[in-house]
Amino acid sequence: MIDDRTPNFNLPLPNSQNLLTDDVARISAGITAIDAELHAQTVAASDLSNAVSNQLEQAATDTAEAIGNANQQTTDALNKIKILALAGL
């Protein structure tokens with residue numbers, strides 16, 4: 001039997017000189033390997049997407065909190081200026 005393989009993932013390839021029964025098993029093994037790799041890539045992409053989403057959500061929360069704090073500081077400063085202005089200072 002001729003054991004041809006793909007260059008990147010080393011998956012079995014059929015060969016016209018092999019018996020069909022041999023190549024059917026090899027093609028089945030290749031498709032199963034492709035399925036496993038696609039599943040692993042899908043899981044990895046999903047995990048990465050979730051991690052990025054969580055980081056973006058945290059960044060948005062932190063930014064909103066910082067803006068809220070800055071707004072409060074500005075309001076406090078303006079109130080002090082009003083009090084000083086009303087007091088004639």
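Separation of atoms CD (Glu37) and OG1 (Thr42) is listed at 9.5 Å; rounding is to 0.5 Å. Separating the CD atom in Glu57 from the CG atom in Asn50 is a distance of 11.0 Å, to the nearest 0.5 Å. In this structure, CD in Gln55 is found 11.5 Å from CG in Asp62, a value given to the nearest 0.5 Å. Rounding to the nearest 0.5 angstrom, the gap separating the CD1 atom in Ile27 from the CD1 atom in Ile34 is 10.5 Å.
Hydrophobic clustering keeps Val24 apart from Met1 (ILVMFWY residues linked when any side-chain heavy atoms are closer than 4.5 Å, directly or through intermediates). Follow the hydrophobic side-chain contacts under 4.5 Å out from Val43 and you never reach Leu48; the two are in separate clusters.
In this structure, the side chain of Asp23 does not engage the main chain of Asn18 through any donor-acceptor pair within 3.5 Å. No donor-acceptor distance shorter than 3.5 angstrom exists from the side chain of Ser53 to the backbone of Ser49, with no hydrogens or angles considered.
A salt bridge links Arg26 with Asp3: at least one charged nitrogen is closer than 4.0 Å to a carboxylate oxygen.
Side-chain contact between Asp22 and Leu19 is present, with heavy atoms from C-beta onward closer than 4.5 Å.
Of all the heavy atoms in Ala33 and Leu11, the pair that sits closest is CB-CD2, 3.4 Å.
Gln72 pairs in a side-chain hydrogen bond (donor to acceptor under 3.5 Å, both in side chains) with only one of the listed residues (Thr74, Asp76, Asn69), which is Asp76.
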